[in-house]
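Everything on this sheet refers to the single structure shown next.
Because the structure is predicted, anything quoted here is derived from the model rather than measured.
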Amino acid sequence: EVQLQASGGGLVQPGGSLTLACTITGFTFDDYAVGWFRQAPGKEREAVSCISSRDENRYYSDSVKGRFTMSTENGVNTVHLRMNNLKPEDTAVYYCAVQGIIIRAAAFCHRNWQDYRGQGTQVTVSS
């Protein structure tokens with residue numbers, strides 16, 4: 001059984017930083033795509049960043065490009081999202097998703113569905 005658990009959220013002031021982690025267990029695919037997504041109250045889900053095992057390019061949404069950095073550890077066992085210069089509009093529930101698939105990172109982020117998704121972690125940016 002594939003399980004994903006996100007952690008590292010919290011309350012931070014504007015301009016501050018947080019690092020989220022997603023621990024993935026039970027996932028055995030050699031080819032994969034993994035991403036971070038977020039959803040704020042009353043808003044649609046937004047793809048934040050994605051990585052694909054078959055794509056050297058990482059995808060970042062325009063709203064986070066230059067501020068957020070996504071990385072993986074031990075294949076896809078752990079996925080991090082380093083968030084710098086946080087803004088109030090970054091407030092949302094952040095969750096990770098993964099799928100055994102050959103696809104470009106941007107295409108994975110823009111899919112309406114990912115096979116495995118974890119519970120989210122709340123990030124609140126407020127003074």
Side-chain angles (χ1 to χ4, degrees):
E1 180 185 5
V2 179
Q3 293 186 329
L4 297 86
Q5 181 63 55
S7 61
L11 173 64
V12 62
Q13 292 186 342
S17 299
L18 279 175
T19 299
L20 305 183
C22 176
T23 302
I24 302 174
T25 58
F27 187 80
T28 59
F29 292 89
D30 292 331
D31 293 306
Y32 61 84
V34 60
W36 284 97
F37 301 82
R38 67 186 183 185
Q39 189 160 20
K43 294 187 177 181
E44 294 187 356
R45 184 186 81 153
E46 177 187 7
V48 175
S49 180
C50 290
I51 289 174
S52 168
S53 61
R54 291 295 194 101
D55 186 355
E56 63 182 11
N57 298 309
R58 299 180 181 184
Y59 171 84
Y60 294 95
S61 67
D62 288 341
S63 61
V64 308
K65 196 173 296 182
R67 300 187 296 123
F68 290 13
T69 303
M70 183 177 177
S71 62
T72 61
E73 183 179 332
N74 294 326
V76 73
N77 288 348
T78 306
V79 183
H80 296 280
L81 184 69
R82 174 66 177 177
M83 306 184 294
N84 293 327
N85 190 22
L86 282 161
K87 304 176 181 180
E89 51 264 42
D90 294 318
T91 296
V93 175
Y94 286 70
Y95 64 93
C96 52
V98 69
Q99 186 167 345
I101 189 172
I102 297 175
I103 193 172
R104 291 193 180 275
F108 181 72
C109 258
H110 291 132
R111 285 166 65 92
N112 291 326
W113 178 259
Q114 290 77 31
D115 281 354
Y116 305 103
R117 163 185 162 173
Q119 299 293 326
T121 184
Q122 176 70 47
V123 172
T124 302
V125 184
S126 175
S127 56

Answer whether the closest heavy-atom distance between the side chains of [X] and [Y] falls below 4.5 Å.
| X | Y | answer |
| --- | --- | --- |
| Cys50 | Arg104 | no |
| Val125 | Glu89 | no |
| Leu11 | Ser126 | yes |

For the [atom1] atom of [X] and the [atom2] atom of [Y], what is their distance to the nearest 0.5 Å?
| X | Y | atom1 | atom2 | answer |
| --- | --- | --- | --- | --- |
| Gln99 | Arg117 | CD | CZ | 14.0 Å |
| Thr23 | Leu4 | OG1 | CG | 9.0 Å |
| Asn84 | Thr19 | CG | OG1 | 7.5 Å |
| Asn74 | Ile24 | CG | CD1 | 11.5 Å |

Side chain of [X], backbone of [Y]: donor and acceptor closer than 3.5 Å?
| X | Y | answer |
| --- | --- | --- |
| Asp55 | Ala105 | yes |
| Ser49 | Trp36 | no |
| Arg67 | Asn85 | yes |
| Gln39 | Lys43 | yes |
| Ser53 | Tyr32 | yes |

Mind checking whether [X] and [Y] sit in one hydrophobic cluster, side chains of I, L, V, M, F, W, Y counted as touching below 4.5 Å?
| X | Y | answer |
| --- | --- | --- |
| Val34 | Tyr59 | no |
| Phe108 | Phe29 | no |
| Val2 | Val76 | yes |
| Val12 | Val48 | yes |

Ignoring hydrogens, what is the shortest heavy-atom contact between [X] and [Y]? Give both atom names and the distance.
| X | Y | result |
| --- | --- | --- |
| Phe27 | Gly100 | CZ-N, 3.6 Å |
| Ala40 | Thr91 | CB-O, 3.5 Å |
| Phe37 | Ala97 | CE1-CB, 3.8 Å |
| Ile101 | Ala33 | CG2-CB, 3.9 Å |

Across all chains, not counting sequence neighbours, the ring-ring contact (aromatic ring centres under 6.0 Å, His included) partners of Tyr116 are none
Residues at least two apart in sequence or cross-chain that pass ring-ring contact (aromatic ring centres under 6.0 Å, His included) with Tyr94, listed by chain then number, are none
Query raised in the report: Is it the case that more than 12 heavy atoms not belonging to Gln122 sit under 6.0 Å from its CD atom?
Result: yes
Pair Ser63-Ser61, side-chain hydrogen bond (donor to acceptor under 3.5 Å, both in side chains): steps then yes or no
CA-CA 5 Å; Ser63 61; Ser61 67; 3.0 Å; yes
Residue pairs meeting ring-ring contact (aromatic ring centres under 6.0 Å, His included), one or both in residues 60-80, sequence neighbours left out, come to none
Between Tyr95 and the options Arg45, Gln5, Arg38, Gln114, the side chain to side chain donor-acceptor pair (under 3.5 Å) test singles out Arg45
_Could you check whether Asp90 pairs with Lys87 (Lys NZ or Arg NE/NH1/NH2 to Asp/Glu carboxylate O, under 4.0 Å)?_
no
